[in-house]
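Here's the structure we're looking at; comments come further down.
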2 protein chains.
Amino acid sequence: MRIPTAPAVPEQRAVDSEAPSVSSGVRTRSQHQRRKRIVQAAAALASRGGVEAMQMRTVAERAGVALGTLYRYFPSKMDLVVAVVSEEIDLLESSIERRPPSAATAAGRAVDVLMRATRGLMREPELADALIRSLILAEVETPFGDRMTGLLLRVSGRDQATEEEVALAGSLASVWVHELLEMLRGRRTYEQIQQRIEIAAGRLLADF
Amino acid sequence: MRIPTAPAVPEQRAVDSEAPSVSSGVRTRSQHQRRKRIVQAAAALASRGGVEAMQMRTVAERAGVALGTLYRYFPSKMDLVVAVVSEEIDLLESSIERRPPSAATAAGRAVDVLMRATRGLMREPELADALIRSLILAEVETPFGDRMTGLLLRVSGRDQATEEEVALAGSLASVWVHELLEMLRGRRTYEQIQQRIEIAAGRLLADF
DNA sequence: ACAGTTATTAGAATCTGTTCTACTTTGCCA
DNA sequence: TGGCAAAGTAGAACAGATTCTAATAACTGT
């Protein structure tokens with residue numbers, strides 16, 4: 001799996017990696033269905049016992065698909081996790097759109113968004129675990145971190161953000177992710193997270 | 001891998017978990033040596049090919065120890081990774097002690113420390129990548145974040161820190177870890193990290 | 001020195017992600 | 001309709017972390 005002769009370059013895995021037919025790029029209806037069934041089966045298993053319960057053999061079985069097929073759609077377990085998790089983020093974004101944060105300050109609105117996301121994640125703890133970890137683990141660029149940062153900038157009223165503003169929003173996002181991780185490790189309660197996010201947001205987005 | 005929805009009750013794995021003699025807690029000289037040999041072998045392997053190259057069988061072999069013995073000292077690979085990382089942090093701490101940061105402001109000293117640590121990690125990219133990723137993914141408590149936070153508080157002259165100060169230093173530490181990760185993904189240069197750390201530190205530790 | 005506990009060992013065995021093989025089915029089109 | 005490439009299948013095979021076993025060595029207190 002490793003390339004012994006070229007040590008410097010990390011093995012890029014295909015970013016897309018979610019559909020067969022490499023040549024055409026087309027996805028038939030039945031393939032779409034199959035992919036959906038797989039992701040659903042994976043999500044169902046993960047929301048119970050977490051990534052551990054989401055074993056590739058089991059997912060394949062639950063989705064009524066051969067192991068080889070599962071691997072054709074998702075070349076690694078991580079790809080599957082990422083797929084499951086993408087759906088969750090979509091949910092958050094549309095929730096924010098439906099009911100935008102109303103706090104007076106940018107920091108307040110950011111805290112609102114982050115804590116709403118936190119609550120959403122806490123509803124499916126095992127799934128949340130998978131989400132956060134995959135967000136961090138991903139080898140290549142994933143939309144997650146940037147999407148969260150973008151979301152924060154948007155609710156802060158910074159559609160045309162300076163580089164410094166992007167850095168600050170990004171910092172807040174990374175603090176949030178870290179706090180979530182600590183929660184997953186059982187080292188934070190919801191209240192503690194809120195407190196810490198408020199403190200950090202108050203400083204980082206002070207003059208937004 | 002459970003979430004404390006209200007109270008924080010993680011299934012604690014023994015945090016220590018690094019020496020035999022559960023009952024006595026004593027560690028004989030030969031045990032100490034053995035442990036040291038194991039960690040050295042692990043570090044040597046990891047600094048070449050990353051965690052992948054640091055296979056438990058290989059580590060045991062290199063350390064001249066049976067696989068079972070390795071597992072007696074380090075119940076899981078993660079425990080071994082943590083041990084390796086701890087040594088790195090020791091190095092950083094003693095380096096800081098030897099040559100304390102001299103900047104005028106607390107934020108400046110914190111930036112100094114973090115960038116010094118960054119340079120240290122960049123010297124062994126494979127090791128850094130492996131270790132940081134594994135630590136972030138670790139299920140259980142790791143000394144990493146807390147030690148870094150403690151270090152930051154110390155160089156900020158906050159030996160008796162308030163809760164808010166701990167939160168702020170912790171936030172800065174998590175921003176740093178995140179930037180490090182981005183660097184490992186090839187999305188940050190050293191200069192960019194420095195810039196972002198300066199921005200974040202300037203806000204977070206403003207009135208330290 | 002002796003009995004009993006604890007540490008160590010070699011190696012087999014287990015578990016789960018991933019890969020491989022040898023077929024069979026499906027979709028497509030000339 | 002015949003045929004070919006892609007997609008799917010069942011199941012074996014492989015890899016590396018972790019666990020288990022049975023036996024031996026080292027250390028302990030008496």
Side-chain angles (χ1 to χ4, degrees), chain A residues 1-2 4 11 13-14 17-38 41-42 45-46 49-82 130 133-134 137 139, chain B residues 1 13-14 17-35 37-38 41-42 45-46 49-83 130 134 137-140:
Chain A
M1 187 51 141
R2 210 146 244 285
E11 2 163 350
R13 218 173 330 196
S17 75
E18 290 178 6
S21 354
V22 179
S23 48
S24 63
V26 184
R27 209 177 301 169
T28 72
R29 172 153 295 93
S30 76
Q31 281 173 344
H32 188 272
Q33 296 292 35
R34 210 178 296 260
R35 183 176 185 288
K36 205 164 161 186
R37 276 218 316 285
I38 292 176
L45 286 165
V51 242
E52 297 166 26
M54 178 179 139
Q55 300 185 3
M56 295 304 261
R57 285 177 175 82
T58 319
V59 171
E61 193 182 316
R62 280 279 265 268
V65 128
L67 187 57
T69 304
L70 172 51
Y71 270 92
R72 177 188 292 279
Y73 280 78
F74 302 96
S76 80
K77 184 170 179 172
M78 184 51 65
D79 291 280
L80 182 50
V81 169
V82 167
R133 284 175 205 269
S134 72
L137 180 80
E139 296 256 330
Chain B
M1 127 108 61
R13 208 175 337 181
S17 74
E18 290 179 7
S21 347
V22 179
S23 47
S24 62
V26 184
R27 208 177 301 169
T28 72
R29 173 152 19 270
S30 76
Q31 282 174 343
H32 187 272
Q33 296 292 33
R34 210 177 296 260
R35 183 176 185 286
R37 275 217 316 285
I38 293 175
L45 287 166
V51 238
E52 295 166 28
M54 178 180 139
Q55 299 184 4
M56 295 304 261
R57 277 181 235 276
T58 318
V59 171
E61 194 182 316
R62 279 281 263 270
V65 129
L67 187 58
T69 304
L70 171 53
Y71 270 93
R72 179 187 292 278
Y73 281 79
F74 302 96
S76 80
K77 184 170 178 171
M78 184 54 62
D79 291 278
L80 184 50
V81 170
V82 167
S134 328
L137 291 185
E139 295 264 319
V140 292

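Keep in mind that what you see is a predicted model, and the values were worked out from it rather than measured. Chain letters run A, B, ... following the sequence lines, proteins first and then strands; every chain starts at 1.
OP1 or OP2 of C/dT8 lies within a sub-4.0 Å distance of a side-chain N or O belonging to B/Tyr73. Contact between the side-chain N/O atoms of A/Thr69 and the OP1/OP2 oxygens of D/dT9 is found at a separation under 4.0 Å. Phosphate contact (OP1/OP2 of D/dA17, side-chain N/O of B/Arg57, threshold under 4.0 Å): absent. Between B/Arg34 and C/dT9, a side-chain N or O to OP1/OP2 separation shorter than 4.0 Å is present.
Interatomic distance, CZ of B/Arg57 versus CD of B/Glu61, reported as 10.5 Å (0.5 Å rounding). To the nearest 0.5 angstrom, A/Arg34 atom CZ is 5.0 Å from A/Tyr73 atom OH.
D/dG8 atom P lies 13 Å from atom CZ of A/Arg35, rounded to whole Å. The CD-C1' distance, from B/Glu61 to C/dG11, rounds to 14 Å in whole Å. Nucleotide D/dT18 holds its C1' atom 12 Å from the CG atom of B/Asp79, rounded to whole Å. Computed from coordinates, the B/Gln55 CD to D/dA15 C1' distance equals 8 Å when rounded to whole Å. What separates CD of B/Gln33 from C1' of D/dA26 is a distance of 17 Å, to the nearest Å. The distance from atom OH of A/Tyr71 to atom C1' of C/dT19 is 9 Å, rounded to the nearest whole Å. For the pair B/Met56 CE and D/dA17 P, the computed distance is 7 Å after rounding to whole Å.
B/Met54 approaches B/Leu45 most closely through the heavy-atom pair CA-CB, 4.1 Å. Minimum interatomic distance between A/Ile38 and A/Phe74 (heavy atoms only, all atoms of both residues): CG2-CE1, 3.5 Å. Across all non-hydrogen atoms, the minimal contact from B/Val65 to B/Arg37 is CG2-NH2, 4.2 Å. B/Ala41 and B/Arg62 make their closest contact through CB-CB, 3.8 Å (heavy atoms, listed as atom of the first residue, atom of the second, distance).
Each end of the helix from C/dA1-D/dT30 to C/dA30-D/dT1 yields a helix axis from five base pairs, and these two axes differ in direction by 10° (to the nearest 10 degrees).
In terms of position along DNA chain D, the nucleotide closest to A/Leu70 lies nearer the 5' end than the nucleotide closest to the other residue of the pair A/Leu67 and A/Leu70. Map B/Val51 and A/Ala66 each onto its nearest nucleotide of DNA chain D; the residue landing nearer the 5' end is A/Ala66.
Between A/Val59 and A/Lys77, the closest side-chain pair of non-hydrogen atoms is not below 4.5 Å.
Comparing C/dT16, D/dT18, C/dT9 by their closest approach to the side chain of B/Lys77 singles out D/dT18. Minimum atom distance to the side chain of B/Arg72 is reached by C/dT8, of the listed D/dT19, D/dG8, C/dT8. The A/Ser76 side chain lies nearest to C/dT18 when the options are C/dT18, D/dA17, C/dT9.
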